[in-house]
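This structure is a prediction, so every number in the text was calculated from the model and none was measured.
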Amino acid sequence: QPDAAGHSHTYSPESPGYLRQLSETDGHVGRIVGAVRNRPTYADEDWLVIVTTDHGGSERGHGKDIPEHRTVFVLLEGPSVQAGSLDGGVNIADVGVTALVHLGVPVEPSWEMDGRVVALTAS
């Protein structure tokens, strides 16, 4: 739904319609995270919840090879996530690398992945 709101209202963080949809989506994510935290075995588990977009945007569109369209929104939640804001932009390639590292999969240089680990306390 945030993508549809971006097309309708603009992808601007100053767009009330876009921000309203982001807030609604955040509420959905909050309910999911609450359910995960309420699991009786949560303390023994190492969850990482990643919510991201598949692209950024500007004005009411996307698809260009420009930073605004390659930079994604990302939200991470779990015991291994460093709390706070992410410094610098997050690229879509960072999401995959972060997930692999969290899962304990060594990222091989031969894979030529452009991403970097973001927001994990122990990587």
Side-chain angles (χ1 to χ4, degrees):
Q1 295 304 333
D3 185 46
H7 286 294
S8 296
H9 304 284
T10 78
Y11 288 89
S12 170
E14 297 173 10
S15 166
Y18 188 59
L19 292 176
R20 191 170 37 257
Q21 184 57 59
L22 289 177
S23 179
E24 183 178 321
T25 300
D26 182 59
H28 297 314
V29 173
R31 286 190 290 285
I32 292 168
V33 169
V36 169
R37 285 183 178 167
N38 286 327
R39 291 172 51 85
T41 54
Y42 177 76
D44 299 321
E45 299 170 344
D46 188 14
W47 283 86
L48 178 63
V49 176
I50 302 175
V51 178
T52 188
T53 56
D54 61 336
H55 56 75
S58 60
E59 301 295 324
R60 291 186 174 155
H62 54 80
K64 296 178 182 173
D65 189 15
I66 60 174
E68 293 89 345
H69 294 197
R70 290 189 311 267
T71 302
V72 297
F73 166 88
V74 65
L75 181 149
L76 298 111
E77 168 64 33
S80 62
V81 175
Q82 181 178 352
S85 297
L86 298 171
D87 292 330
V90 178
N91 191 288
I92 191 70
D94 299 335
V95 175
V97 172
T98 300
L100 288 170
V101 168
H102 174 76
L103 292 170
V105 176
V107 178
E108 300 293 332
S110 63
W111 298 348
E112 298 181 12
M113 296 182 77
D114 294 334
R116 64 186 170 88
V117 175
V118 294
L120 297 184
T121 56
S123 49

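By the 4.5 Å heavy-atom criterion applied to side chains, Leu19 and Leu22 are counted as neighbours. Proximity of Glu24 to Gln1: side-chain heavy atoms (C-beta onward) are nowhere separated by under 4.5 Å. Contact of the Met113 side chain with the Leu100 side chain is registered, since non-hydrogen atoms from C-beta on lie closer than 4.5 Å. You'll find the side chain of Tyr18 stays beyond 4.5 Å of the side chain of Thr10, heavy atoms only. Side-chain atoms of Asp3 and Thr53, non-hydrogen and from C-beta on, never get closer than 4.5 Å to each other. The shortest distance between side-chain heavy atoms of Leu48 and Leu103 does not fall below 4.5 Å.
Contacts of Asp46 classified as side chain to side chain contact (heavy atoms under 4.5 Å, CB included), with partners at least two apart in sequence or in another chain: Pro79, Ser80, His102. Taking the ring pair (Phe, Tyr, Trp, His ring centres under 6.0 Å) definition, one finds that His7 meets it with Tyr11, His62, sequence neighbours left out.
The nearest pair of heavy atoms linking Gly17 to Ala5 is O-CB, 4.2 Å. Nearest heavy-atom pair across Val117 and Thr98 is CA-OG1, 3.5 Å. For the residue pair Val36 and Tyr42, the shortest heavy atom distance occurs at O-CD1, 3.3 Å.
Atom CD of residue Gln21 and atom NE2 of residue His9 lie 8.0 Å apart, to the nearest 0.5 angstrom.
The salt bridge (Lys or Arg N to Asp or Glu O under 4.0 Å) contacts involving residues 90-106 comprise Asp94-Arg116, where partners must be two or more places apart or lie in separate chains.
The cluster map of Ile, Leu, Val, Met, Phe, Trp and Tyr, joined by side-chain heavy atoms under 4.5 Å apart, puts Val74 and Val107 in the same cluster. No continuous path of hydrophobic side-chain contacts links Ile32 to Val95 [ILVMFWY only; heavy atoms under 4.5 Å]. The hydrophobic cluster containing Val105 does not contain Trp47, counting ILVMFWY residues as joined when their side-chain heavy atoms lie under 4.5 angstrom apart, directly or transitively.
Between Leu75 and the choices Thr52, Val29, Ile50, the side-chain contact (heavy atoms from CB on, under 4.5 Å) rule is met once, by Val29.
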Point to revise | Steps toward side-chain contact (heavy atoms from CB on, under 4.5 Å) verdict (Val49, Val81) | key: CA-CA 10 Å; Val49 176; Val81 175; over 6 Å; no
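Residue-environment remark: CD (Glu14) stays at or below the threshold of 12 foreign heavy atoms within 6.0 Å.
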